[in-house]
Amino acid sequence: MLFLSRSGTRWVIVAISFLTILYIITNHSSNISNFDANDLFNQVSDYRIQYNNKLIAESENTETSSNHEPLTWPQLLKALTFDKTLFKNIGEDISKENMDFFREVYSKRITEPKFSKLTYNEFKDNNGNVKVLSKDEYPRANATLLTLVRNQELQDIVYTLRQLEAHWNHKFHYPYTFINDEPFTQEFKDTIKRHTVSDCYFEVIPPDMWNKPANIDENIETEKINKLKEKGVQYIDKVSYHNMCRFNSGYFYKMERLQQFRYYWRFEPATDYYCNIDYDLFKFMEDNNKTYGFTISLYDNPLTVETLWPVTLEFLEKNPQYAHPNGAFRWLTENVQHPDYNQITGGYSTCHFWSNFEIGDMDFYRGEAYSAWMDALDEAGGFYYERWGDAPVHSVGLGLFEDRSKIHWFRDIGYHHSPYKNIPNSDKCSAPEDSGYFAPEDVHDQNCLSNWIRLEMTNKELQDY
Ligand SMILES: Nc1nc2c(ncn2[C@@H]2O[C@H](COP(=O)(O)OP(=O)(O)OP(=O)(O)O)[C@@H](O)[C@H]2O)c(=O)[nH]1
Ligand SMILES: *[C@@H]1O[C@H](CO)[C@@H](O)[C@H](O)[C@H]1NC(C)=O
Ligand SMILES: *[C@@H]1O[C@H](CO)[C@@H](O)[C@H](O)[C@H]1NC(C)=O
Ligand SMILES: [Mg+2]
């Protein structure tokens with residue numbers, strides 16, 4: 001009796017799934033979108049946005065490469081020399097000007113990108129009822145949520161995971177991958193599994209991907225680290241911090257478990273996600289050929305990356321073919337807001353995508369250009385002699401070796417990692433009235449998102465929300 005009714009139920013479920021999937025395939029237009037065609041950016045055409053038009057137009061005139069021929073080393077060197085006249089119309093205080101521009105952009109009400117086919121896990125059946133595909137039915141992209149985390153950070157990672165589930169992943173059930181340099185405790189695993197129905201992988205990092213490599217000379221290391229310590233560089237004498245930065249720069253995507261995935265969404269303990277996102281972010285990446293997505297862009301302490309740029313230029317001189325002709329060269333080399341930083345680094349602005357939230361295509365890192373460059377970085381030893389962070393390393397790699405149009409600013413993902421925030425002006429977010437808030441005032445000069453928008457995005461990209 002019981003057996004019969006169970007298998008009967010199962011048959012009905014199979015039939016419904018089959019019909020639902022058939023319906024999706026034959027009737028793609030039934031996707032429900034919250035997109036409101038009236039809510040367009042061009043209603044908010046203020047002077048600063050027009051100003052951006054003008055700047056973009058000027059910068060495009062001076063650009064070396066609207067064609068996509070590979071650059072020779074001299075051409076590349078020229079492209080990596082910032083043209084200050086791009087900012088000639090900006091007043092004396094560029095930090096303030098950039099903050100004003102930032103607030104102006106954030107004042108625009110947004111919902112979600114409107115230039116893409118967005119994929120929702122919501123479908124209407126023939127009776128007009130909304131259906132949601134289950135974990136087993138929904139065809140996910142090749143992707144995982146990913147975090148490097150310690151056992152003692154369990155409460156903080158659960159705090160963030162609950163927000164990820166509530167705002168996004170309960171609709172899609174993407175798997176989670178937790179990585180650690182030590183085995184996770186049973187308590188850690190059990191607790192995590194109580195907060196999601198998604199698959200969870202718990203992985204231990206092989207020691208050779210985590211520990212200091214043999215080429216690091218400990219005498220040089222001690223000397224250099226002591227100097228930076230005197231200058232007050234944060235975390236400089238914590239070896240595990242250096243291990244973490246190197247691992248996140250060049251190794252995580254080589255872990256055995258991650259071979260089965262292409263896209264990752266990195267999240268960190270104790271970070272906040274403020275907005276409901278209804279569309280599948282990984283499919284957004286795939287469908288729009290995006291390699292990398294970020295929310296916040298900042299300068300770094302230049303002392304942590306003193307030789308990153310010179311080592312990179314040396315690499316590029318030998319391998320100019322790896323540079324993408326449409327790279328984000330201006331953002332990497334901008335020297336107006338903090339010219340003192342460029343002096344210390346030999347030409348790198350230190351501007352980077354803040355990597356504690358990022359969505360990326362690991363096949364980019366696995367590719368020839370990034371891999372060869374990573375070998376050069378490891379050889380130079382700056383992960384230990386300085387404190388090269390994974391954020392500047394990802395950013396310099398992307399800015400040089402990828403087409404800048406494949407880098408996406410996720411302005412709709414409300415995010416917070418102390419002390420910085422991305423708060424869109426959207427009904428989908430908590431506290432939209434705080435949109436345009438960035439951080440306490442004394443660190444406003446650390447914001448370089450406006451430079452990304454002005455120097456690397458087209459006006460169309462800015463308006464496509
Ligand atoms: N397993 C493990 N994870 C680590 C270790 N060090 C850092 N992490 C993780 O790596 C990520 C970055 O480390 P954080 O200490 O947050 O570094 P940060 O974001 O630069 O610094 P804060 O501003 O203090 O957050 C976090 O997800 C940490 O949990 C470590 O030694 N072992
Ligand atoms: C997912 O992506 C990885 C990396 O590109 C690839 O090796 C793997 O075969 C892909 N898996 C599927 C099911 O497509
Ligand atoms: C993505 O790239 C593929 C292959 O290069 C191309 O056919 C497609 O049109 C691109 N799609 C978008 C949205 O740019
Ligand atoms: Mg952190």
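Each residue takes its place number in the sequence, starting with 1. When a ligand or atom number is given, it counts from 1 through the structure's own listing order. Any value given below was found using the heavy atoms of this structure, including those in side chains, with hydrogens, waters and symmetry copies removed.
- By the 4.5 Å heavy-atom criterion applied to side chains, Leu281 and Ile413 are counted as neighbours.
- Ring-plane geometry between Trp452 and Trp331 is classed as perpendicular, the angle between the planes exceeding 60 degrees on a 0 to 90 degree scale with a lower cut at 30.
- Heavy-atom contacts of Asp181 reach the following atoms of ligand 1: 1 (N), 2 (C), 30 (C), 32 (N) (cutoff under 4.0 Å).
- Ring-centre distance between His338 and Tyr299: below the 6.0 Å cut-off.
- The residue Glu182 has no part lying near ligand 1, judged by heavy-atom distances below 4.0 Å.
- Residue contacts with ligand 2: Met362 is excluded, as none of its non-hydrogen atoms falls under 4.0 Å.
- Between Phe172 and Trp168, the ring-plane angle classifies as tilted under the 30° and 60° cut-offs.
- In terms of polar-atom proximity, Leu148 is counted as a contact of ligand 1, with an N or O under 3.5 Å from an N or O of the ligand.
- With hydrogens left out, the protein atom closest to atom 14 (O) of ligand 2 is Asn142 ND2, 3.5 Å, a heavy atom.
- By the 4.0 Å N-to-carboxylate-O rule, Glu223 lies close enough to Lys227 to be salt-bridged with it.
- At a heavy-atom distance under 4.0 Å, no atom of Phe267 approaches ligand 1.
- Ligand 2 places these atoms under 4.0 Å from at least one heavy atom of Arg366: 4 (C).
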